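A short worksheet on the structure shown next.
Side-chain atoms are counted along with the backbone in the values below, which use heavy atoms only and exclude waters and symmetry mates. Order of listing sets the numbers, starting from 1, for every ligand and every atom in it. Heads up: numbering here begins at 1 and tracks the sequence. Just so we're clear, the structure is a prediction, and the values are computed from it rather than from any experiment.
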Amino acid sequence: MELLQAVTAAMAVVLLALALGHAPPAAAEREATCAGIVPMRRRKEVISIREFGGVGDGKTLNTWAFEKAIYRIQHLRRRGGTLLYVPSGVWLTGSFNLTSHMTLHLARGALIKATEDTKNWPLMEPLPSYGRGRERPGGRYASFILGSGIHDVIITGENGTIDGQGGVWWNMWRHGTLPFSRPNLLEFIHSTDIHISNVIFKNSPFWNIHPVYCSNVVIRYIAILAPRDSPNTDGIDPDSSSNVCIEDSFISTGDDLVAVKSGWDEYGIAYGLPSTSVTIRRITGSTPFAGIAIGSEVSGGVDNILAENINLHDTGIGIHIKTNAGRGGYIRNVTISGVFMSRVGKGIRIVGDVGDHPDGGFNPAALPAVDGVTVRNVWGVGVQRPGDIEGIEGAPFTRICLSNVKLWEIGRQRQPWKCTAVSGAAVGVHPWPCAELTSTMAFGSCFN
Ligand SMILES: *[C@@H]1O[C@H](CO)[C@@H](O)[C@H](O)[C@H]1NC(C)=O
Ligand SMILES: *[C@@H]1O[C@H](CO)[C@@H](O)[C@H](O)[C@H]1NC(C)=O
Ligand SMILES: *[C@@H]1O[C@H](CO)[C@@H](O)[C@H](O)[C@H]1NC(C)=O
């Protein structure tokens, strides 16, 4: 078991290295990076989880050690903050909360592993923009690692692993025995200046990394791994958050690799906090669902999104922009550029009929606006179907622009694009898309 873990961790590092290797050749000008948004900073003080009674034997429960160490950081505040060092070893623990001005540092060979004791898992209030747990009514289980209302937090190290041991949770989902919505692996709520790098995230019970109501979040040089058949193990879901930058990472999970969201139906509309200024670049990975997703929960609005240099293989849908009647909100000013995909079910899907509702209180007349989505420089091989672009009757999608998109299908059959309630333009698209995209608008208005 330990050996297997060591081997998977080593594999993840190799895959991460591959992901980095896939970065396009550095141009003469320096490549853009997220580094400046929340710079890595050194802490003046270093403490070890061992000083707080922590035992890394894979058997001792270390919840109390983490709580004591973090309480100590919070209450004996040192100027410049404190680094909590987690040495090599298997550190079994229940869920715990982070605090401001701290670095959680996972040494090489460090594995922070969630307890499988779901009975004593703490519960939390639902997020106001969701009104209830995402999968069950009422509260929801607290994230395995949680930061709430904090700032200046770094999670980094030498490629150690945070393992959610999601199997017990996935089985409860499969057997329909979940009392409340499953925990995320890492969640930040109302937090700012977050930096996550050089960590492997594994087997999340639910979504892996969920920044919600946050700003200034940098996530780079990470790997996220979960089995293909694990339910709802989204990689990174920036949610009602701004200035989020995700780059140079490998993600292979059972659900969308990156999905930008902003709350659910009437609750998200009332909360009204958009996701804005999100950059996603140099991501490699695979999933039975979507590589790059927006939605379907976009009730607070999603705008100014840039995704570039994305490398997908064996994936259900390459690019999936999804919403639904009742969501309200908007999706605007989205650019997705430089996507290579191989062996995918559907290349591009921009649709208005995806996702369920929190309860009967949603307003079916709350129609989302989708305007200004540009997808360019996409190269797909082994694509089963090129795509669907289907707006909502009464709220057609506008300025949907495809440029230099080549989706090579499997075999010789030609599956057509499906389009309804959409306007926009297309140039250099193979197979040629629907008339709605070619004739209604001059291509120049795609870029303004
Ligand atoms: C962590 O993994 C990355 C990617 O493989 C590698 O570049 C980096 O050197 C590793 N860091 C350490 C401390 O091993
Ligand atoms: C962790 O933070 C949450 C949210 O602020 C809070 O409800 C919970 O009581 C905290 N848990 C501990 C052990 O401090
Ligand atoms: C559109 O989004 C990009 C980020 O992707 C941003 O730089 C640009 O200013 C936005 N345009 C408008 C008109 O807001």
Problem set entry | N97-ligand 2 polar pair, N/O distance under 3.5 Å | yes
For this session: Step by step, work out the side-chain contact (heavy atoms from CB on, under 4.5 Å) result for I70 and F96.
Result: CA-CA 9 Å; I70 290 165; F96 63 89; 3.6 Å; yes
Side chains of residues 148-156: which donor-acceptor partners sit under 3.5 Å, not counting sequence neighbours?
{"residue": "H151", "atom": "NE2", "partner": "H101", "partner atom": "NE2", "Å": "3.3"}
{"residue": "D152", "atom": "OD1", "partner": "R43", "partner atom": "NH1", "Å": "3.3"}
{"residue": "D152", "atom": "OD1", "partner": "R43", "partner atom": "NH2", "Å": "3.0"}
{"residue": "D152", "atom": "OD2", "partner": "R43", "partner atom": "NH1", "Å": "3.1"}
{"residue": "D152", "atom": "OD2", "partner": "H101", "partner atom": "ND1", "Å": "2.7"}
{"residue": "T156", "atom": "OG1", "partner": "S197", "partner atom": "O", "Å": "3.1"}
{"residue": "T156", "atom": "OG1", "partner": "S197", "partner atom": "OG", "Å": "3.1"}

Exercise. Would you call E390 and K322 a salt bridge, taking side-chain N to carboxylate O under 4.0 Å as the test?
Worked result: no
Exercise. Near L306, which atoms of ligand 3 are under 4.0 Å from a heavy atom of that residue?
Worked result: 5 (O)
For this session: Could you tell me whether some N/O pair between E158 and ligand 1 is separated by less than 3.5 angstrom?
Result: no
Exercise. Does the protein place any heavy atom closer than 4.0 Å to atom 5 (O) of ligand 2?
Worked result: yes
For this session: Determine, step by step, whether Y271 and Y213 satisfy the ring pair (Phe, Tyr, Trp, His ring centres under 6.0 Å) criterion, reporting the C-alpha distance in whole Å, the side-chain angles of both residues, the deciding distance to 0.1 Å, and the verdict.
Result: CA-CA 10 Å; Y271 201 70; Y213 322 140; 4.7 Å; yes
Problem set entry | With sequence neighbours excluded, residues passing side-chain contact (heavy atoms from CB on, under 4.5 Å) with P122 | S95, A142
Exercise. Which atoms of ligand 3 sit under 4.0 Å from any heavy atom of N304?
Worked result: 1 (C), 2 (O), 5 (O), 10 (C), 14 (O)
For this session: Report, in ascending order of atom number, the atoms of ligand 1 lying under 4.0 Å from any heavy atom of R108.
Result: 12 (C), 13 (C), 14 (O)
Problem set entry | Parallel, tilted or perpendicular, as decided by the 30° and 60° cut-offs, for the rings of W121 and F144 | tilted
For this session: Considering the heavy atoms of N198, write down every atom of ligand 1 situated less than 4.0 Å from one of them.
Result: 1 (C)
Problem set entry | Identity and distance of the protein heavy atom lying nearest atom 13 (C) of ligand 2 | E67 OE2, 3.6 Å
Exercise. For atom 2 (O) of ligand 1, which candidate among I222, N159, I200, V199 holds the nearest heavy atom?
Worked result: N159
Exercise. Any Lys/Arg nitrogen of R72 or E45 sitting under 4.0 Å from an Asp/Glu carboxylate oxygen of the other?
Worked result: yes
For this session: With R282 as reference, evaluate N309, T33, D248 under the side-chain hydrogen bond (donor to acceptor under 3.5 Å, both in side chains) test and give the passing residue.
Result: D248
Exercise. Among the heavy atoms of E125, does any lie under 4.0 Å from an atom of ligand 2?
Worked result: no
Exercise. Does the protein put a heavy atom under 4.0 Å from atom 9 (O) of ligand 2?
Worked result: no
Exercise. Any idea which atoms of ligand 3 are less than 4.0 Å away from a heavy-atom of N333?
Worked result: 1 (C), 2 (O), 3 (C), 8 (C), 10 (C), 11 (N), 12 (C), 14 (O)
